[in-house]
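These notes are about the structure you will find just below.
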Amino acid sequence: MAAALCCGLLDYKTEKFALTRNRRVGLLHRLLQLAVLGYLLGWVLVVRRGYQDTDAAPHISVITKMKGVSVTRSKDASSRLWDAVDYASPPQGENVLFLVTNFIATAKQAQGTCPESPSVLDGMCTEDVDCPVGNPVVHGNGIKTGKCVMFNATHSTCEIYGWCPVENNTLPRKPLLAEAENFTLFIKNTVNFTKFNFSKGNTFQTNDSTYFKSCTYDPFFNPSCPVFRIGDVVEAAGETFGDLALLGGSISIRIEWNCDLDQPTAWCQPQYSFILVDRRYNFRTASYYWDSQRRPYRSLMKLYGIRFDISVHGQAGKFGIIPAAVSFGTGIAFFGAATVVCDLVLLYLDTKADFYWKEKFEEAKPPKGKTEAAADPQWADQDIRNAQ
């Protein structure tokens, strides 16, 4: 047994090519080869550009500016002018920007005592014992003083110590800054692919100093202009400005760079997409001042508006010998796999598998007598004489 094992280890196998007239397996072989060729040319080389070295982590810079003017009028017929400093935050321009579209104002608040709002459940009362002294009003506006007082003719609430009068919660039926639909948002974006020492910005290179003051982004007619009309952005996100401006919301602006550096650099242009993330967004802010007696006051504003989150993603590719060699090597390996699949079908699944097996695998072992005769000329001559 040991001798047989030793002989098996010393056997040598060499390939034997057999031409089979099997149309089904031949057709399968050609189809697999075409599939591999289509994958290599179509997907690897054209779509994925597998011959290129890539940089998918660019350094980015985003600067934003909002432009527009609006006038609002309150119930007392007073008017207020809003410009970019008032309705855009932060004013220096970053990749997150908030635009005020509606607000609720509570003017001239001073620290003192006043009735809690009836909209606060913990502030409702029928007698003084319902308002323990020193307890804060849950989800309310101040600290309970121990008294139950009349808020109006129909509601009684706990008296509180806080900023009085309490916050107004009457929301306008229409957005007060409806003209913000025509405001413009300027987005300046620069990407730097350090791996290839390549930098590109989204601002159109022109000698016309008035270009950015007159152009507006359009995905078909003016895709190079980085000035966006707010109404167009909201519409591209799948919402109407009037509905979103009333209670606020959040929109994601995605800038995608996909640059083929084997082509002219002018072809490297950003693609913009707009996605509605949330349908409600608001926060509170206050401005403080003092009267002539140095008593502190504040004007409370509950601001509703649209939050713009700007994100930049990108990838650049350039021909590289290593990724090209890997891609072509993978394609060649797939061609070999097609042959292996056809061999398996021919030797195991075909109706004449036994015949093909015997033809493909043959043991070549010369007879011992002929081997010894060929090795010794004397014995070879004797064999010839005996044959005569």
Side-chain angles (χ1 to χ4, degrees), residues 15 26-64 94-95 186-208 211-212 215 217-228 236 252-275 309-343:
E15 292 185 4
L27 178 62
L28 175 63
H29 190 213
R30 298 308 178 200
L31 290 177
L32 290 176
Q33 286 179 330
L34 287 176
V36 172
L37 186 62
Y39 167 78
L40 181 63
L41 297 180
W43 177 254
V44 176
L45 298 183
V46 177
V47 178
R48 301 295 297 176
R49 295 200 291 264
Y51 57 88
Q52 290 184 334
D53 196 5
T54 60
D55 184 358
H59 295 179
I60 63 173
S61 171
V62 176
I63 299 174
T64 58
E94 298 177 358
N95 59 342
F186 171 71
I187 303 176
K188 183 179 181 181
N189 170 224
T190 303
V191 292
N192 185 6
F193 297 97
T194 56
K195 191 173 185 177
F196 305 117
N197 194 25
F198 175 79
S199 181
K200 187 71 184 290
N202 69 329
T203 54
F204 183 66
Q205 300 297 323
T206 177
N207 295 325
D208 185 3
Y211 174 75
F212 295 111
C215 76
Y217 171 80
D218 185 276
F220 302 103
F221 302 106
N222 206 358
S224 300
C225 179
V227 180
F228 303 83
S252 172
I253 301 177
R254 182 183 176 95
I255 305 176
E256 188 77 30
W257 294 84
N258 190 9
C259 299
D260 184 358
L261 301 186
D262 293 325
Q263 304 294 335
T265 57
W267 293 14
C268 178
Q269 297 293 335
Q271 299 294 323
Y272 301 94
S273 60
F274 311 93
I275 303 172
D309 294 272
I310 304 171
S311 60
V312 182
H313 307 268
Q315 176 174 293
K318 193 173 184 179
F319 178 80
I321 189 63
I322 294 178
V326 171
S327 298
F328 281 107
T330 303
I332 293 173
F334 282 149
F335 276 112
T339 302
V340 172
V341 171
C342 292
D343 280 349

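To the nearest 0.5 Å, atoms NZ (K318) and CG (D260) are separated by 11.0 Å. Separation of atoms CZ (F228) and CZ (F274) is listed at 5.0 Å; rounding is to 0.5 Å.
Using modelled atom types, one side-chain atom of K200 and one backbone atom of T265 make a donor-acceptor pair closer than 3.5 Å. No side-chain donor-acceptor contact under 3.5 Å links N95 to the backbone of V62. The backbone N or O of Q269 lies less than 3.5 Å from no partner atom in the side chain of N202, so there is not a single donor-acceptor pair.
Using a 4.0 Å cut-off between charged side-chain N and carboxylate O, D262 and R49 make no salt bridge.
With sequence neighbours excluded, no residue satisfies salt bridge (charged side-chain N to carboxylate O under 4.0 Å, His left out) with D55.
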Only pairs under 3.5 Å count here: list side-chain donor-acceptor contacts from residues 321-331, not counting sequence neighbours, and write none if there are none.
| from | atom 1 | to | atom 2 | distance (Å) |
| --- | --- | --- | --- | --- |
| S327 | OG | G50 | O | 2.8 |
| S327 | OG | P323 | O | 3.0 |
| T330 | OG1 | V326 | O | 2.8 |

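Taking the side chain as every heavy atom from C-beta outward, S199 and T190 approach each other to under 4.5 Å. Side-chain contact between N258 and Q271 is absent, with no heavy atoms from C-beta onward closer than 4.5 Å. You'll find the side chain of F196 stays beyond 4.5 Å of the side chain of C259, heavy atoms only. Side chains of F334 and L40 form no contact here, defined as non-hydrogen atoms less than 4.5 Å apart.
Between F212 and F186, the two ring planes are perpendicular [angle over 60°; tilted spans 30° to 60°]. Note on ring orientation: taking the six-membered ring where Trp is involved, the planes of F319 and Y51 are tilted (angle from 30° to 60°).
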